[in-house]
Amino acid sequence: MLSIGKISGGREHYYTNEIATTKEDYYTAQKLSFEPAGVWIGKGSDRLGIGGQPVIKEELRELLRGYTPDGQTALVQNA
């Protein structure tokens, strides 16, 4: 089932670690045949240069913290 919704920085652990302990990286797993890897979509991901690419745990973590996927530039004032 496809699920689309907002994710927040305060839940970083949930998306990158908590589920990973039971389902091998929920959003980034490629080994699980019943759960395809997540893919970045939308204008925001296109502007960041990651549109259409698989979700990588480290990039997701940086984005949730308010930084660019490479962690080099703050995207928000309180990053």
Side-chain angles (χ1 to χ4, degrees):
M1 179 171 84
L2 176 63
S3 177
I4 300 174
K6 293 181 180 181
I7 56 178
S8 62
R11 308 269 328 254
E12 174 185 338
H13 179 71
Y14 175 80
Y15 295 106
T16 59
N17 294 323
E18 186 174 302
I19 293 177
T21 61
T22 59
K23 290 190 178 179
E24 291 189 48
D25 300 334
Y26 184 81
Y27 286 98
T28 59
Q30 294 186 11
K31 296 178 183 177
L32 304 176
S33 61
F34 60 89
E35 189 68 54
V39 176
W40 294 109
I41 61 170
K43 291 179 183 177
S45 65
D46 291 340
R47 289 185 67 189
L48 291 168
I50 57 175
Q53 296 180 19
V55 176
I56 298 171
K57 184 190 301 188
E58 292 77 17
E59 292 177 344
L60 174 61
R61 184 176 292 120
E62 292 300 331
L63 287 166
L64 290 172
R65 292 179 53 228
Y67 290 89
T68 53
D70 61 8
Q72 298 297 311
T73 306
L75 297 171
V76 296
Q77 185 175 2
N78 293 327

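Numbering of residues begins at 1 and proceeds along the displayed sequence.
- Thr68 contributes a side-chain N or O that, together with a main-chain N or O of Thr73, makes up a donor-acceptor pair within less than 3.5 Å.
- The shortest heavy-atom contact between Trp40 and Ile50 is CB-O, 3.4 Å.
- Of all heavy-atom pairs between Leu63 and Pro69, the closest is CD2-CD, 4.0 Å.
- Hydrophobic clustering of Ile, Leu, Val, Met, Phe, Trp and Tyr side chains at less than 4.5 Å, counting indirect connections, keeps Leu60 apart from Tyr67.
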